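Please read all numbers here as calculations on a predicted model, not as lab measurements. One-based numbering, in listed order, for ligands and for the atoms of each. Residues: numbered from 1 along the sequence shown.
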Amino acid sequence: MKVFKAGAAAAVAAVLALTATACGGSSDKASGDGGASGGAKKDKIVIGIKFDQPGLGLKTPDGKFTGFDVDVATYVAKELGYQPDQIEFKQAVSAERENLIANGDVKLVVASYTINDKRKAKVDFAGPYFLAHQDLLVRADDSSITKAEDLNKKKLCSVTGSTSAQNVKTKLAPEADLLEQGGYSECLTGLENKKVDALTTDNSILAGYAAQENNKGKFKLVGLKLSDEPYGVGLKKGDKDLQTKVNAALKKMVEDGSWQKAVDSNFGPANYKSEPAPQITEGS
Ligand code: GLU
């Protein structure tokens, strides 16, 4: 049993290490517009997701993709005319999402991507399709952190280019010793090794980490709602047509029950109680 667990943990660690360094690669270059340009060569669509967030976007050791964002991306792609085998998933770390869209490296980003005005200066969104809240993950035996202010004398980890890192710096705990990493899996390692005292990001992401088999009993969510994080599907600024189509797909996904199914199957195992599907507001 122990040996099996250690093996599983090593496999996950290997995947996380691999994906953490894979973000710069572009071995399979897209057509330059993320596919989906319409016309004759409508053969694939490139979609940016997270590779290291269990429950949302995860690349498994056998090269498959799982998570709620993956299910949303797959549903939307189908509505745009692409079958699952015509989707190329590309890693979209938090700080790179706007660039990937603006450069045409991806057509869509479905990656725990909060809609906000700063980002809307560079990209457009469809949705929102999900509502999360910023929370804290601490070690299971730590009772010294129960509210945001407790972070002021502590070492805190978040991810570059995320709303969570920004919130900590500007309002939640400006005196915290903030370590910014490229991805949340690096923060999780830091939390386990006691290099940091807490990891902050969306509760949806933290619940996924806490529930992983090899993390069981190690971490706990503090249970705060430090912000609203409405997730949108990122797309090229000014592409009204695509925005309208993606909004229609998201609406249909909720109406036909696929949205709830995806919530249950992806967040159920983590015992994460999510908010109901939000109203679509982008583009109207
Ligand atoms: N939803 C937040 C954001 O868009 C945090 C999660 C993430 O970094 O993907 O920045």
Which class fits the ring pair F68 and W259: parallel under 30°, tilted 30 to 60°, perpendicular over 60°?
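Because their plane-to-plane angle is over 60°, the rings of F68 and W259 count as perpendicular.
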Should the pair F65 and F51 be assigned to parallel (<30°), tilted (30 to 60°) or perpendicular (>60°) ring geometry?
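Answer is tilted, since the angle falls between 30° and 60°.
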Can you find an N or O of [X] that's nearer than 3.5 Å to an N or O of ligand 1?
X	answer
K50	yes
T163	yes
S162	no
R97	yes
Y184	yes
S112	yes

Report yes or no: does R119 have a heavy atom closer than 4.0 Å to ligand 1?
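Yes, R119 has heavy atoms under 4.0 Å from ligand 1.
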How does [X] reach ligand 1, by side chain, by backbone, by both or by neither, if only non-hydrogen atoms under 4.0 Å count?
X	answer
Q166	neither
D202	side chain
A111	backbone
V159	neither

Suppose I only count heavy atoms of [X] and a 4.0 Å limit; which atoms of ligand 1 are within that range?
X	result
Y231	1 (N)
S164	5 (C)
T201	5 (C), 6 (C)
I205	6 (C)
S94	7 (C), 8 (O), 9 (O)

Does a side-chain heavy-atom distance below 4.5 Å link V46 with D105?
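No; the side chains remain at least 4.5 Å from each other.
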Assess whether atom NZ of K155 is packed by more than 12 heavy atoms of other residues, nucleotides or ligands within 6.0 Å.
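No.
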Establish, from distance only, whether the side-chain atoms of S258 and K252 form a donor-acceptor pair under 3.5 Å.
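Looking only at side-chain atoms, K252 and S258 do not form any donor-acceptor pair under 3.5 Å.
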Y231 and D202: side-chain donor and acceptor closer than 3.5 Å?
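Their side chains do contain a donor-acceptor pair, which is all the 3.5 Å distance test asks for.
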Going by an N to O cut-off under 4.0 Å, is there a salt bridge joining K261 and D264?
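Answer for the salt bridge query: no.
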Between D85 and K44, does any side-chain N to carboxylate O distance fall below 4.0 Å?
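Here D85 does not pair with K44 in a salt bridge, since their nearest N and O are not under 4.0 Å apart.
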Restricting to non-hydrogen atoms, name the atom on I205 and the atom on S112 that form the minimum distance, rounded to 0.1 Å.
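Between these two residues, the closest heavy atoms are CD1-OG, 3.9 Å.
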With ring centroids as reference points, do F125 and Y113 lie under 6.0 angstrom apart?
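Ring-ring flag for F125/Y113: true, centres closer than 6.0 Å.
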